[in-house]
Amino acid sequence: MIIVTKAGATREDIDHIRERVESLGLRTHLSVGEHRTIIGCVGDEARLQSIPLLSIPGVEAVHEVLKPYKLASREFSGGETRIPLGHGEIGPDGFSVIAGPCSVEGFDMMQSTARHVSASGAAGVRGGAFKPRSSPYSFQGLGEEGLRILAAVREETGLPVVTEVMDTRQVELVAGYADVLQIGARNMQNFALLTEVGRLHRPVLLKRGMSATIKDLLLAAEYVMSQGNMQVILCERGIRTFETATRNTFDLAAIPVLKRETHLPVFADPSHAGGSRALVPPLSYAAAAAGADGLLVEVHPDPERATSDGDQSLSFSEFEALMNGLTPFVEAVGRAVATAV
Ligand code: PEP
Ligand code: MN
C-alpha cells in the first residue's frame, strides 16, 4: 500500500500518518519527491482496513501496489533513486562507468588500472577479491589482501571501489573496505546474503542471476530494501540461453523494462554478457541508448595475462576508445558521462 500525502502536508502530519500505520504492525518507508511525499507501507495490509486512512490529515490518496515487489516498484517512489558514489552520483542525469579487472591480482596492476580508467572518465574502479569460479581449482581471489589493495588504490586515485561479497561471513570484512558491495549472478538468490547486506547503509550492485527473470531480480532487490537499505543498483549481465556464440545472451530489453518497473538505477555489464572484448563497445552503446544509468566493464593492463576473464577484458587504450565512443550515445539520451573525482 502506498499513501500519497497532500502537497501542503507538514512534517507533523507525515509523522502522524506513519505512527498510525506502524501502530498496526506494518513498516513504513518514506520517499520524498519534489512535489509530494510517498509513504510506503509494507506488512499485513489487511490491517489497514481498520482505519479510515483518507480521513487522516495530510493524506491525499491511498493506492494498492499489486506487484509482488513493493519498495522496488516505481509506484513506491517520488522519483528516480540517486545513489552517491564518491563525489558524484549514480542516477538519471549522468552515465557512470565502473571499470577494472575481473580479479585483483596485485597492487601494481590495480594502481595502473585505476589511474588509467580514471583518466578516461570512469566513475569507479572494480576488482574482485573474492571470486566465484566455476571450478574449485581456478584462482579464487586474493581475499583480504585484495581488499587492502583496493583501499590503497582508492586512497591514491580517489576512485570509489566496487567489489564482490560472496558469503554472509564476509559481509563485515568486505564492507570495511568497499564503497559498493557487488552481489554476483550466482548469489542473486542467496537470500541470507541479501538480507545481510540489507542491514548495511552501503550501496549494493545486484547482478541478475543467469537464469533469473526480471521479476526474480526485482524480488532479490526487495530483500535488500526490506531490511532498510534502499541503495540498490541493478545490473543486467546476460542470461543463459540456447545460444552458444556469446558467453551469455545480453537481454537488452531488460533495461527499459526495469526502468519502467523500478525507480532503482539500472546498469549493464557488457563484458560478462558477451564474453568477448569485441562485443563490449556495441553492447555498451546499445545499453546507453536503451536508457541504462551506467556500465560495469572489465579492463586489464595486459588482458592476455589476466588470471580471469582475459578474453572479455579491454586494454587501457580500448577502454579509452570505448569512453570516447560512448559520448554521442549518452548525449543522445540527454545525459552526460559522470565522473567521481
Ligand atoms: C564479475 O563481475 O567478475 C562476475 C563474477 O560477474 P557475474 O556474477 O555477473 O558472473
Ligand atoms: Mn569477471
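Atoms within a ligand are numbered from 1 in the order they appear, just like the ligands themselves.
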Atom indices of ligand 1 within 4.0 angstrom of A185 heavy atoms, with elements: 7 (P), 8 (O), 9 (O)
Flag for E144-Y177: side-chain donor and acceptor within less than 3.5 Å: yes
Name of the H272 atom (N/O/S only) found closest to the Mn ion (ligand 2): NE2
Close approach of M210 to ligand 1, heavy atoms, under 4.0 angstrom: no
D309, N/O/S atom nearest the Mn ion (ligand 2): OD2
Which of the ligand 1 atoms, numbered from 1, are nearer than 4.0 Å to a heavy atom of G184: 8 (O)
Side-chain donor-acceptor pair present, R18, T28, cut-off under 3.5 Å: yes
Heteroatom distance test (R126, ligand 1): nitrogen or oxygen, under 3.5 angstrom: yes
Proximal heteroatom of E298 relative to the Mn ion (ligand 2) (N/O/S): OE2
Subset of ligand 1 atoms that lie under 4.0 Å from at least one heavy atom of C102: 3 (O)
Any donor-acceptor N or O pair under 3.5 Å, side chains E318, S315: yes
Exercise: do H272 and D309 side chains pair donor with acceptor under 3.5 Å: yes
T307 and E105: side chain donor to acceptor below 3.5 Å: yes
Residues L314, E298; criterion side-chain contact (heavy atoms from CB on, under 4.5 Å); working and verdict: CA-CA 6 Å; L314 301 183; E298 287 186 339; over 6 Å; no
Atom 4 (C) of ligand 1 - nearest protein heavy atom and its distance: H272 NE2, 3.4 Å
Shortest protein heavy-atom distance from atom 9 (O) of ligand 1, along with the residue and atom involved: R237 NE, 2.6 Å
Contact check, K131 vs ligand 1, heavy-atom distance below 4.0 Å: yes
Protein heavy-atom partner closest to atom 6 (O) of ligand 1 - residue, atom, separation in Å: K207 NZ, 2.9 Å
Side-chain H-bond candidate by donor/acceptor type, S103 with S308, under 3.5 Å: yes
Side-chain donor/acceptor of R335 to backbone N/O of G91, under 3.5 Å: yes
Check: D269 N/O within less than 3.5 Å of ligand 1 N/O: no
Check: Q231/R202 side-chain N/O donor and acceptor closer than 3.5 Å: no
